[in-house]
Participant: 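Pasting a structure here, questions to come.
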Amino acid sequence: MRDLFADDESLPQQWQETLCPGAMILRGYAADMAEQIFREIGCLTDVSPFRHLVTPGGHTMSVSMTSCGALGWMSDELGYRYTPVDPLTGRPWPAMPVFFRLLAENAAATAGYTGFCPDACLVNRYTPGSGLSLHQDKNERDMSQPIVSVSLGMTATFLFGGTQRDAPRRRFPLVQGDVMVWGGQARLNFHGVMPLKETLPPWPLQEMVRYNLTFRRVMPPGVK
Ligand code: MD3
Ligand code: FE
């Protein structure tokens, strides 16, 4: 019988979509790691729980979030910023699990960015109705480094715009295990997430929740 997978050298390529120069989706890259990632999220939220940030303009965000690594993301009336201490606990953010760092490093290398060493991992939590309006990520001092994102749980619709806010947007479904790498030209593109729909979860017994991890290099190389 002919081997159905005789051409499997080319199979991984089918799962790598280039959205624009510098931006890549690695479909299913972290699918096998989902259970381990859920466990790590459980551990780190025991230390630094999910919270709804209030924007500098006074709006409570529908997505709740936390962070791990040397730096985490916060917001108050003074603005958005990365800090070494979780303002909720007054303690350093939980350390980034080694497994998380290796996942991000390997995904970045797969997309052509070798030597990625994230110092921050932001964890977003979406429930039905939670979304993220169109924005740019431009608070990282080291813009030469990519951002790596990992999607888990419920499927969401990702909005991918251009470098100008009013540029046309493309929509992409993101399912559990999908990993995206954003570097080069794509690093400053506007992007967002449509409010999560209340649908049947793709896996039995799964909660109606979506998690997204984003790995970032905030400080230039050499700065601990
Ligand atoms: C494109 N998170 O945390 S991840 C964010 O699904 C954020 O939770 C979304 O946007 C989420 O800031 C989208 C994909 C992503 C992350 C960073 C990017 C796309 C990006 C930076 C530049 C361009
Ligand atoms: Fe973003």
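First listed ligand is number 1; within each ligand, the first listed atom is number 1. None of these values were measured; they are calculated from a predicted model.
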Participant: Parallel under 30°, tilted from 30 to 60°, perpendicular over 60°: which one fits the rings of Tyr211 and Phe38?
Facilitator: perpendicular
Participant: To 10°, measure the OD2(Asp137)-the Fe ion (ligand 2)-NE2(His135) angle for me.
Facilitator: 130°
Participant: What's the shortest heavy-atom distance between Leu26 and Ala107, and which atoms?
Facilitator: CD1-O, 3.8 Å
Participant: Can you check whether Gln206 reaches Met154 side chain to side chain, under 4.5 Å on heavy atoms?
Facilitator: yes
Participant: Just distance, no hydrogens or angles: give the donor-acceptor pairs under 3.5 Å from side chains in residues 82-100, sequence neighbours left out.
Facilitator:
from, atom 1, to, atom 2, distance (Å)
Tyr82, OH, Glu140, OE2, 2.5
Tyr82, OH, Arg216, NH1, 3.1
Thr83, OG1, Val85, O, 2.9
Asp86, OD1, Arg51, NH1, 2.9
Asp86, OD1, Arg51, NH2, 3.4
Asp86, OD1, Leu88, N, 2.8
Asp86, OD2, Ser48, OG, 2.7
Asp86, OD2, Arg51, NH2, 2.8
Thr89, OG1, Arg91, N, 3.1
Trp93, NE1, Thr83, O, 2.8

Participant: Quick one: table the atom pairs, ligand 1 N or O against protein N or O, below 3.5 Å, distance rounded to 0.1 Å.
Facilitator:
from, atom 1, to, atom 2, distance (Å)
ligand 1, 3 (O), Asn124, ND2, 3.0
ligand 1, 3 (O), Arg216, NH2, 3.2
ligand 1, 6 (O), Arg210, NH1, 2.9
ligand 1, 6 (O), Arg210, NH2, 3.2
ligand 1, 6 (O), Asn212, ND2, 3.4
ligand 1, 8 (O), Asn124, ND2, 3.0
ligand 1, 8 (O), Tyr126, OH, 2.5
ligand 1, 8 (O), Asn212, OD1, 3.3
ligand 1, 10 (O), His135, NE2, 3.2
ligand 1, 10 (O), His191, NE2, 3.0
ligand 1, 12 (O), His135, NE2, 3.2
ligand 1, 12 (O), Asp137, OD1, 3.4
ligand 1, 12 (O), Asp137, OD2, 3.1
ligand 1, 12 (O), Arg216, NH2, 3.0

Participant: Keeping the roles fixed (side chain from Ser75, backbone from Val54), state whether a donor-acceptor pair exists under 3.5 Å.
Facilitator: yes
Participant: For a 4.5 angstrom cut-off between non-hydrogen side-chain atoms, does Ile41 reach Phe50?
Facilitator: yes
